[in-house]
Number of protein chains: 2
Amino acid sequence: MTAASIAKDLRAAIRSGTYKPGDRLPSEAALMSNYGVARMTARHGLSMLKDEGLTVTRHGSGVFVRSFEPIVRDSTGGKAGESTVTAEIDETGAGLVVRTLAVTAEAEPSEKIRTTLGLAEGDKVTVRERLHLRERKPVLFATSYLPAAIAAGTPIADQEVGPGGTHARLTEAGHAPVRFREDVVGRMPTIEEIEELRIEPGTPVLAVTRTAFTKDGSPVEVSHVVLDAGEFMLRYDID
Amino acid sequence: MTAASIAKDLRAAIRSGTYKPGDRLPSEAALMSNYGVARMTARHGLSMLKDEGLTVTRHGSGVFVRSFEPIVRDSTGGKAGESTVTAEIDETGAGLVVRTLAVTAEAEPSEKIRTTLGLAEGDKVTVRERLHLRERKPVLFATSYLPAAIAAGTPIADQEVGPGGTHARLTEAGHAPVRFREDVVGRMPTIEEIEELRIEPGTPVLAVTRTAFTKDGSPVEVSHVVLDAGEFMLRYDID
DNA sequence: GAGTGGTCTAGACCACTGC
DNA sequence: CAGTGGTCTAGACCACTCG
């Protein structure tokens with residue numbers, strides 16, 4: 001029970017404010033002598049806190065208490081005509097930079113995307129991949145799928161969508177998105193996501209599947225958005 | 001790099017479908033001989049998968065691939081007049097049982113709750129704690145705070161709120177909630193939450209702060225809801 | 001009882017950080 | 001260069017599961 005009890009003590013100390021965000025915790029060597037345990041045991045105790053997202057370790061430097069200052073992503077507050085995601089970042093998201101990674105005018109959709117968009121077999125989709133950065137750190141990865149029949153040949157299939165973003169182009173093309181559905185799950189990141197978003201150990205991601213519908217109820221866009229849960233809070237205003 | 005490469009191999013095998021949800025992975029002993037590593041190394045490789053939420057371990061039995069069949073909680077679909085949370089569970093949530101743990105008619109609010117509810121210093125709140133169970137497993141824990149000036153003396157301060165739940169009582173009292181805000185964060189569970197919700201290692205929680213407002217914009221209820229992210233998907237429909 | 005995972009020990013060597 | 005965390009070894013004993 002020693003590794004667990006070391007974790008328990010440190011956890012209590014963090015919660016009570018003995019160690020504040022940014023503070024350094026006792027080193028492994030210190031814990032070994034304080035508790036009279038082997039190094040692996042001290043390590044295990046510390047690794048529990050890391051897995052809980054309470055601490056971050058810096059190789060060669062120490063174990064530090066973590067802080068959480070989320071960007072608020074207001075999914076309902078975006079002014080019409082702005083780009084899907086940037087409009088949703090409120091003022092605390094200042095300094096957020098969007099980088100378009102790749103745009104594919106015509107791609108074969110997965111079975112799931114195809115049925116969600118209500119496409120026939122053989123129909124193609126336009127795929128847009130974007131990365132959002134906060135102070136140089138990537139924090140959000142988004143992939144959008146639109147029917148190629150709608151998007152191909154428009155600026156949506158270009159690297160630069162133009163002012164107002166994808167939604168403005170869809171509106172111009174007579175497919176104005178007016179209703180949205182967001183499905184949110186929380187889970188641990190995949191290895192790819194850990195690398196892509198440089199996610200700290202012990203940090204989950206929020207995976208949002210956002211579907212945009214036109215007035216007549218037909219889906220015009222499906223977006224998979226993966227957010228570093230250590231960086232974001234999702235806000236929904238509901239009537 | 002051996003522990004990491006064991007994890008990598010097994011992860012790939014799970015992703016490719018070699019091991020399906022419910023399947024047992026090779027034992028620690030098998031990995032030791034297959035990879036020629038010490039037991040702690042094999043263990044470490046397996047523990048990575050556990051921390052990613054890919055597997056569950058059953059002491060004395062083995063390591064198994066995990067499955068994810070979420071309950072969809074539709075936050076916007078609840079018919080008016082039903083209780084706040086149960087109304088939000090759609091048909092896949094059948095079998096969901098709500099247990100009221102505690103009701104406190106008059107309690108001292110925390111600073112944060114007090115200001116969110118727009119209360120003056122010294123004002124009391126009514127606190128309701130509820131637990132939701134899915135097939136006997138607790139999956140959601142909710143704590144609601146209402147101004148005692150509104151709730152005390154009404155059935156809201158009773159163990160049984162009556163038909164229609166808290167919102168029906170608020171409406172009767174002339175404080176009908178018409179607008180809601182939900183703030184969603186993902187994080188790893190606290191020890192208390194792990195115990196209370198019997199959360200598997202490697203599973204985050206979704207922490208939802210839900211604020212209900214009346215027509216004139218004054219807040220009448222703040223709820224802190226903690227959901228086992230391994231059990232839920234949150235759905236929001238937005239116009 | 002054989003096989004499984006859970007925990008701990010006491011060492012080793014390596015890689016990174018900061019004075 | 002001293003101190004830090006990252007990884008691995010080769011054992012030990014314990015607790016749980018299942019046939």
Side-chain angles (χ1 to χ4, degrees), chain A residues 1-11 13-14 19 21-66 189 191 194-195 198-203, chain B residues 1-11 13-14 19 21-66 189 191 194-195 198-203:
Chain A
M1 282 298 300
T2 24
S5 61
I6 291 174
K8 191 175 150 198
D9 290 352
L10 293 176
R11 198 182 294 117
I14 291 171
Y19 300 109
D23 284 359
R24 215 195 73 178
L25 260 51
S27 70
E28 296 175 354
L31 293 174
M32 286 168 72
S33 62
N34 289 351
Y35 286 86
V37 295
R39 182 160 168 231
M40 285 302 290
T41 306
R43 259 185 88 65
H44 190 196
L46 286 170
S47 86
M48 290 180 188
L49 301 181
K50 180 163 66 172
D51 291 343
E52 293 165 19
L54 280 177
T55 58
V56 289
T57 57
R58 288 207 277 273
H59 191 175
S61 178
V63 178
F64 299 84
V65 180
R66 197 162 146 176
I191 295 299
I194 288 174
E195 287 166 2
R198 287 201 253 119
I199 289 178
E200 299 282 357
T203 308
Chain B
M1 281 297 299
T2 25
S5 61
I6 291 174
K8 191 175 149 199
D9 290 352
L10 293 175
R11 198 183 293 118
I14 291 171
Y19 301 108
D23 285 358
R24 215 195 73 180
L25 260 50
S27 70
E28 296 175 353
L31 293 174
M32 285 169 71
S33 61
N34 289 351
Y35 286 86
V37 295
R39 184 164 168 228
M40 284 303 289
T41 307
R43 258 184 91 65
H44 190 196
L46 287 169
S47 84
M48 290 180 188
L49 302 180
K50 180 163 65 173
D51 291 343
E52 292 165 20
L54 281 177
T55 59
V56 290
T57 57
R58 288 207 277 273
H59 190 175
S61 177
V63 179
F64 299 83
V65 180
R66 196 162 148 178
I191 295 299
I194 288 174
E195 288 166 2
R198 288 201 252 118
I199 289 178
E200 300 281 358
T203 308

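Chain letters run A, B, ... following the sequence lines, proteins first and then strands; every chain starts at 1. In what follows, every heavy atom counts, from backbone to side chain, and hydrogens, waters and symmetry copies are set aside.
A rotation axis mapping the C1' atoms of four pairs onto the next four is fitted at both ends of the helix from C:dG1-D:dC18 to C:dG18-D:dC1 over five pairs, and the angle between these axes is 20° to 10 degrees.
Residues passing the side chain to side chain donor-acceptor pair (under 3.5 Å) test with B:Asp9, sequence neighbours excluded: B:Tyr35. For B:Ala13, the side chain to side chain contact (heavy atoms under 4.5 Å, CB included) partners at least two apart in sequence or on another chain are B:Thr18, B:Tyr19. Under the side chain to side chain contact (heavy atoms under 4.5 Å, CB included) criterion, B:Ala4 pairs with B:Met1, B:Met48, not counting sequence neighbours. The side chain to side chain contact (heavy atoms under 4.5 Å, CB included) check on A:Thr203 picks up A:Arg66, A:Ile199, A:Glu200, A:Asp228, with sequence neighbours excluded. Not counting sequence neighbours, A:Ser33 has no partner by the side chain to side chain contact (heavy atoms under 4.5 Å, CB included) test.
Here the range on DNA chain C touched by chain B, meaning any atom under 4.0 Å from one of its heavy atoms, is C:dG3 to C:dC8.
Counting non-hydrogen atoms under 4.0 angstrom, A:Ala3 reaches the backbone sugars and phosphates but no base.
Side-chain N/O atoms of A:Ser27 include one lying less than 4.0 angstrom from OP1 or OP2 on D:dT4.
Contacts of residues 41-55 of chain B with DNA chain D (heavy atom under 4.0 Å): B:Thr41.
The minimum heavy-atom distance between B:Ala42 and B:Ile6, with the atom names listed, is CA-CD1, 4.1 Å. For the pair B:Gly45 and B:Ala7, the tightest heavy-atom approach, listed with the atom from each and the gap, is O-CB, 3.6 Å.
The CG atom of A:Leu25 sits 7.5 Å away from atom CG of A:Leu31, with the distance rounded to the nearest 0.5 Å.
Each side-chain hydrogen bond (donor to acceptor under 3.5 Å, both in side chains) pair with one or both residues in residues 45-63 of chain A, not counting sequence neighbours, appears once here: A:Arg11-A:Glu52. Pairs engaging residues 25-43 of chain A under the salt bridge (Lys or Arg N to Asp or Glu O under 4.0 Å) rule: A:Glu28-A:Arg39, A:Glu28-A:Arg43 [sequence neighbours left out].
Checked by atom type and distance alone, the side chain of B:Ser27 pairs as donor or acceptor with a backbone atom of B:Ala30 at under 3.5 Å.
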Anything under 3.5 Å between a protein N or O and an N or O of nucleotides 17-19 of chain D, put it in a table, one pair a line.
unit_1: D:dT17; atom_1: O4'; unit_2: B:Gly60; atom_2: O; d: 3.2

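Here the side chains of B:Pro201 and B:Ile194 are not in contact, with every heavy-atom distance at 4.5 Å or above. The shortest distance between side-chain heavy atoms of B:Leu10 and B:Leu46 falls below 4.5 Å.
Nearest-nucleotide positions on DNA chain C for B:Pro26 and A:Gly36 put B:Pro26 closer to the 5' end.
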